[in-house]
Amino acid sequence: MQEDYNIQETESKWQEKWRIEKIFEANPESGKEKYFITIPFPYLNGNLHAGHTRTFTIGDVIARYKRMQGYNVLYPMGFHVTGTPIVGLADLIREQDPTTMKVYTELHGIPKNILPTLDEPEKIVDYFKVEAEYAMNIIGYSIDWRRKFTTMDPAFQKFIEWQYNNLYDKGLIVKGSHPVKWCPHDNNPVEDHDILRGEEATLVEYTLIKFRHKDTIFPCATLRPETVYGVTNLWLNPEVSYVKLKMEKDELEEYWVVSKEAYEKLLYTDWNVEFIEDMNASDLIGLKLKNPATDNIIQILPAPFVRGNNGSGVVMSVPAHAPYDYLALRDLAKQDLTEYGITADEVQNIKPIQVIDVPDYGEAPAAEVVAELGVVDQKDPKAEEATKIVYRREFHGGTLKDITGKYKGMPVSKIKDRLTQDFISQGIGSIFYEFSEPVQCRCGTMCVVNMVKGQWFLNYSNPEWKDKVYKCLSQMDVIPPEFRVEFENKIDWLKDKACARTKGLGTQLPCDPRWLIESLGDSTIYMSYYTIANYINDGTITPEMMTRPFLDYLFLDVGTAEDAAASSGLNADLINKMKSEFNYWYPVDIRSSGKDLVPNHLLFFLFHHVALFDESKWPKALAVNGFVSLEGQKMSKSKGPILTLKEAVDTYGADVTRMYILSAAEQAQDADWRKEGIESARTQIGRFYTFVRQVVESGCKIPENGDKTHIDRWIESRIQQYIREVNIAFDSIHTRHAIQNAFFLIYNDIKWYHRRGGEQCLTEVVETWTKLMAPFTPHICEEVWSELGHTESIAFVPYPTENKALIDEAAEVAENIIIKTLEDVEEIIRVAKITPKKVYLYTTHEWRTLILRKAAEIALASDEFVPTEEIAKGIRTDPEIMDSAIETMGHYVKEDVKEKAKEITEAVRNHVDVKELIQKSMADPTIRSRGKEGQKYVQKVANDIRGSSIDAVLSYLNANVDEKQILEEAKPFLEKELGCPVEIFDAEEIDAGNAYDPEKKSRFAEPGRPAIYIEQE
RNA sequence: GCGAGGGUUGUCGAGUGGUCAAAGGCGCCGGACUUAAGAUCCGGUUCCGAAGGGAUUCGUGGGUUCAACUCCCACCCCUCGCACCA
């Protein structure tokens, strides 16, 4: 073996071997179970970076693990190039934009003489696809490269056309309007990088409720449409300018009164707006109108807190639930309103109308919170706080009251969309969008929300479509499981999505070729394309052959092979062969991705699969991983900082990079890439190699007829635990936990084994260790594996599984006694600051073990006894508890579980109570003869068992170790470690007076814990 | 604001009711080895302690329990997403 492990040389050696032997080119094999794993293909507007490294490495490690488990694994890769960023990058390069030139030469590592030549999108794609493939090879990904493609390949575009034709025919592509951030000056949508101020702004959807006075509508914008049932009056601000407008949409023609600012905003909605006249607020205040939800007659009152630039400038007053309204009414009751023709009675007679039931509040939550906080009036800053509190409480805990009719009992948090839709269909509501904060374009103009009309949409809001997606999701594994609710929320949240563009690279929309298909359409079902991409790349299939009958037959089993053959010109047998390959690989077994893609790629992946494919082809599992930052800083492709995959591998090597990125954080968490961390990973790899080299050179092997020693049995037992943990961790993609067990913990035990003089299991243990690490660090493991005398690639060697026959509880209990005893002696030496001349160990009296046994017996004899770790399981499977849990719902579940847990715990405790233990113990003459000493120990045992799990006690008793013997066996080791002689006495020798025990330490001996006396120099 | 995740010992992070002063890595300190450095190995790393012990800790404040890092309530803080951008 090499004296020092040469990373670069060894890694490229194995990569070359893998490539030449084509071991990762996956073809269907009948009788062998397949595993199809995909990760989202990278977008090629830069080099692969640390974020890609993490996601792709997770995919590769799973692929390698599954391969070692015996699956036929397909791990393919393609390149995403559609959309605007690549076009934008080409523009920036052509313009020699300084930031871009700097970032792409210095951080993306593009040579200075090459970058300026990448001035067209196609050149950028051609450059980066080569770079990306190179990078993925030098890090050792086990990809089947015969299946690569880019989304601008003509054949792939035919595939996308086919997808959209099918979606269109199913009625899932529709025309409609949607709101965008818009600059009135540029007369264009503003993208995020065009925004000067308000980048964080989001579109807020208000419900507009139409209050009517004769033929004039006063539309109120609200985020809480349910409160319309509690409206007592409307508010207008006498200081604000109002206008009357003629509003037209579809067949509708209405007259609205809104603030002047609202008028400006309405111009960009899908209404036709015609200015009629200016209105004077004073003339409007006092008017009576009808609440469209309740038909109550209410009045318009003056309010200074109403802002013209917020919503429509017309505000509903809900004093029961809105502190401002409550306060304003209270303030108003003291004022003279005769100038508006409003009598004092009219104001004073207004009573809050409760709409929402909230726990802990009565009829008027707003009034209660106002009183609680001591808010003085509507100008008091505390009014804002009161509003927040009421809002939060009502939103989370509130339900609707009888007054809302058919909505009675519904939670406030769920009602908004339904109510808005119902109001719209009844002609009393509308939707109105507004920014969450002002947005200013780079040109200086304030932006508006513009409703773009006549746009093509994917009809994601379609309830039947959503239901199928829910169904699909419910049958899938989601890893980690917390993300399931995230997916459910996003499915719920998803509305129709514009799917056509005019800019960027892309495929023409077949139903309307003036448009390009939005680029996310490429990343929905392309995994199916991988299953035939090798035939496209080798020229068997040309783009012209990608006809609809062919693809329908191939992927959807629609039509016949003959039709498919006739339209494509392909041989029918060949078509059937491809079809069987597709059927072999599909569905996708797992799709693993960064969490940023949850609300888009991953969601659309599900939508498009359920829309097009048969249920048997729906994906099986989703895995989601966190981001990567660099030394605490967020990465940015276009501005930096960024660390490319290639740079990482060039500096540290593939194995180190792989191991580091997967051990830096657990899957769902964000990882921070730190130089310090990866450098330590590098030394770990070196340590691994050095250790294995020593083992190989020493040639230790279990002798044919050799008996295993205690320490051999111990290491074999320990290794089984790590094997089990690693497998469990793999199945839930806990890569960090897997590496902890497969590398660090195992290594620490191997060191201990070595230190204890173990050697005959070393080769066996090191082989297991190598196999466990092979998915993470495949190059060094291949190298070591061949050094260990194997000729086959480790990539297909069966992954270790737990061998229960090798678990040896007695060996572990015995070894723990030795470890603990050594630690105790060392601690005494340290604390007492003594230099030991000789160490004496005294094992315990049999009668103490007897007491321990009696305590355990008492506990175990009880019918109610449940070992601690079983308690939780027992509760979860108790049908009575589950029933009541389902009935009571929510947090009450936990109360029940808690009660039950208490009962069980109580039972265990009561059954090893002191009294019973004393009685049973004292019935035994051996113990009784010990008198007070015996009683004292009974007390202690009862206490210990009560205060902790008795599992440890049980395993000690089960192991039934001879302490004297195991200590004698470890004596040479202890003497070596302590650097002085060690002598061990058992209780019989002590009783017989044959033990040296000048300080009577032997009486402190307990089961599993020998007493210690250290003689000083 | 809404949704999701998270706040643990110098640091990165395990840990979901008892065996927890709390795994493992890193850093730091000390020792062994070495001509030396690195690597490697051993020990320590909250505080106190001349015998294996004790005290105080896990965002903040309350609560439940014989027992809480772990359960409940309230609050504070951090990260991500909120749409036509991939």
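In what follows, every chain begins at residue 1, and chains take the letters A, B, ... in the order their sequences are listed. For the numbers below, each heavy atom of this structure counts, side chains included, while hydrogens, waters and symmetry mates do not.
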For this session: With rounding to the nearest 0.5 Å, note down the distance linking CG in Asn459(A) to CG in Asp496(A).
Result: 4.5 Å

Exercise. On a whole-Å scale, what distance lies between the C1' atoms belonging to G13(B) and G7(B)?
Worked result: 13 Å

For this session: Could you check which of C85(B), G13(B), A51(B) has an atom nearest any side-chain atom of Pro85(A)?
Result: C85(B)

Seminar exercise, completed: Note: Pro480(A) and Val624(A) closest approach over all heavy atoms is CD-O, 3.6 Å

Problem set entry | Under 4.0 angstrom between Gln669(A) side-chain N/O and A14(B) OP1 or OP2 | yes

Exercise. Quick one: Arg718(A) CZ to G24(B) C1', roughly how many Å, whole number?
Worked result: 13 Å

Exercise. Now, which nucleotide makes the Watson-Crick or G-U wobble pair with U79(B), with each of the two distances under 3.5 Å?
Worked result: A4(B)

Exercise. Is Gln684(A) near enough to C26(B) that one of its side-chain N or O atoms lies under 4.0 angstrom from OP1 or OP2?
Worked result: yes

For this session: Write down the distance separating the C1' atoms in G52(B) and A67(B), rounded off to the nearest Å.
Result: 25 Å

Exercise. Does Thr84(A) have a side-chain nitrogen or oxygen under 4.0 Å from the phosphate oxygens OP1 or OP2 of A86(B)?
Worked result: yes

Exercise. Between C82(B) atom P and Glu486(A) atom CD, what is the distance in whole Å?
Worked result: 11 Å

For this session: Describe the nucleic acid contact of Ala1011(A) in one word from base, sugar-phosphate, nothing, applying a heavy-atom distance below 4.0 Å.
Result: base

For this session: Nearest whole angstrom, please: distance from the P of A83(B) to the NZ of Lys497(A).
Result: 11 Å

Problem set entry | A86(B) phosphate, OP1 or OP2, under 4.0 Å from Ser519(A) side-chain N/O | yes

Exercise. Would you say a side-chain N or O of Asn600(A) is under 4.0 Å from OP1 or OP2 of C82(B)?
Worked result: no

For this session: Determine the contact category for Ile834(A): base if any of its heavy atoms lies under 4.0 Å from a base atom, sugar-phosphate if only primed atoms, P, OP1 or OP2 are that close, otherwise nothing.
Result: nothing

Problem set entry | Pair Phe604(A) + Tyr460(A): ring centers closer than 6.0 Å | yes

Problem set entry | Any strand: nucleotide that pairs with C26(B) via Watson-Crick or wobble, under 3.5 Å | G10(B)

Exercise. If you look at every strand shown and take non-hydrogen atoms under 4.0 Å, does Pro40(A) touch a base, only sugar-phosphate, or nothing?
Worked result: nothing

Exercise. Is the distance between the ring centroids of Phe973(A) and Trp752(A) under 6.0 Å?
Worked result: yes

Exercise. Between U40(B), G53(B), G24(B), which nucleotide has the shortest distance from any of its atoms to the side chain of Glu827(A)?
Worked result: G53(B)

For this session: Answer yes or no for Arg682(A) and Tyr652(A): cation-pi contact, defined as NZ/CZ to six-membered ring centre under 6.0 Å and angle to ring axis within 45°.
Result: no

For this session: Under a 3.5 Å limit for both distances, which nucleotide forms a Watson-Crick or G-U wobble pair with G49(B), could you say?
Result: none

Exercise. Under 6.0 Å between ring centres, would you say that holds for Phe41(A) and Tyr526(A)?
Worked result: yes

Exercise. Looking at Lys751(A), does any N or O in its side chain come under 4.0 Å of the phosphate oxygens OP1/OP2 on C42(B)?
Worked result: yes

Exercise. Expressed as a whole number of Å, how far does the C1' atom of G61(B) sit from that of C76(B)?
Worked result: 10 Å

Problem set entry | Side-chain touch Val87(A)/Pro85(A), heavy atoms, less than 4.5 angstrom | no

Problem set entry | Gap separating the CD1 atom of Ile678(A) from the CD atom of Gln684(A), nearest 0.5 angstrom | 12.0 Å

Seminar exercise, completed: If pairing means Watson-Crick or G-U wobble with both distances under 3.5 Å, then the partner of U57(B) is none

Exercise. Using 30° and 60° as the class limits, which term best fits the ring planes of Tyr842(A) and Tyr840(A): parallel, tilted or perpendicular?
Worked result: parallel

Exercise. Which nucleotide, U40(B), G1(B), A83(B), lies nearest any side-chain atom of Lys495(A)?
Worked result: A83(B)

Seminar exercise, completed: Comparing nearest nucleotides in RNA chain B, the 5'-proximal residue of the pair Trp752(A), Gln740(A) is Gln740(A)

Exercise. Whom does C69(B) pair with, Watson-Crick or G-U wobble, provided both distances fall under 3.5 Å?
Worked result: none

Exercise. Nearest to the side chain of Arg674(A) - U11(B), G1(B), G25(B)?
Worked result: U11(B)

Problem set entry | Spacing of Asn741(A) atom CG relative to A23(B) atom P, expressed in whole Å | 15 Å

For this session: Could you check how far CZ of Phe743(A) sits from P of G25(B), rounded to whole Å?
Result: 10 Å

Exercise. What nucleotide, of U79(B), A51(B), A4(B), holds the atom closest to the side chain of Ile828(A)?
Worked result: A51(B)

For this session: Counting Watson-Crick and G-U wobble pairs only, both distances under 3.5 Å, name the nucleotide matched with U34(B), or none.
Result: none

Exercise. So which nucleotide from A51(B), A86(B), A23(B) ends up closest to the side chain of Arg736(A)?
Worked result: A23(B)

Exercise. Considering only A51(B), C26(B), G24(B), which nucleotide approaches the side chain of Leu745(A) most closely?
Worked result: G24(B)

For this session: Look at all strands and tell whether Phe691(A) reaches a base, only sugar-phosphate, or nothing, counting heavy atoms closer than 4.0 Å.
Result: nothing

Exercise. Which base sits across from C20(B) as a Watson-Crick or G-U pair, both distances under 3.5 Å?
Worked result: none

Exercise. Which nucleotide in the set G52(B), U11(B), G3(B) lies at the smallest distance from any side-chain heavy atom of Asn489(A)?
Worked result: G3(B)

For this session: Just call it for His80(A): base, sugar-phosphate, or nothing, with non-hydrogen atoms closer than 4.0 Å on any strand.
Result: sugar-phosphate

For this session: Give a yes/no on whether any side-chain N or O of Arg1009(A) is located under 4.0 angstrom from OP1 or OP2 of G53(B).
Result: yes

Exercise. When you measure from the side chain of Phe1004(A), which nucleotide among G52(B), C26(B), A4(B) comes out closest?
Worked result: G52(B)

For this session: Quote, to the nearest angstrom, the P distance that separates A39(B) from C29(B).
Result: 13 Å

Exercise. Of Ala671(A) and Lys637(A), whose closest RNA chain B nucleotide lies nearer the 5' terminus?
Worked result: Ala671(A)

For this session: To the nearest Å, give me how far apart CG (Asp749(A)) and C1' (G24(B)) are.
Result: 12 Å

For this session: Remember a base hit wins even if backbone is also touched, and classify Leu494(A) as base, sugar-phosphate or nothing at under 4.0 Å, heavy atoms.
Result: base

Exercise. Is the distance from OP1 or OP2 of U40(B) to the nearest side-chain N or O of Tyr747(A) less than 4.0 Å?
Worked result: no

Problem set entry | Below 4.0 Å: OP1/OP2 of A39(B) and any side-chain N or O of Arg693(A) | no

Exercise. Which part of the nucleic acid, if any, lies within contact of Ile829(A), taking any heavy atom under 4.0 Å across all strands shown: a base, the sugar-phosphate backbone alone, or nothing?
Worked result: nothing

Exercise. Whole-Å distance between C2(B) C1' and Tyr206(A) OH?
Worked result: 13 Å

Exercise. Any donor-acceptor pair under 3.5 Å joining the side chain of Asn45(A) to the base of A86(B)?
Worked result: no

Seminar exercise, completed: Atom CZ of Arg830(A) and atom P of G49(B) are separated, to the nearest Å, by 14 Å

Exercise. Does one side chain, of Thr207(A) or Thr420(A), offer a donor that lies under 3.5 Å from an acceptor on the other?
Worked result: yes

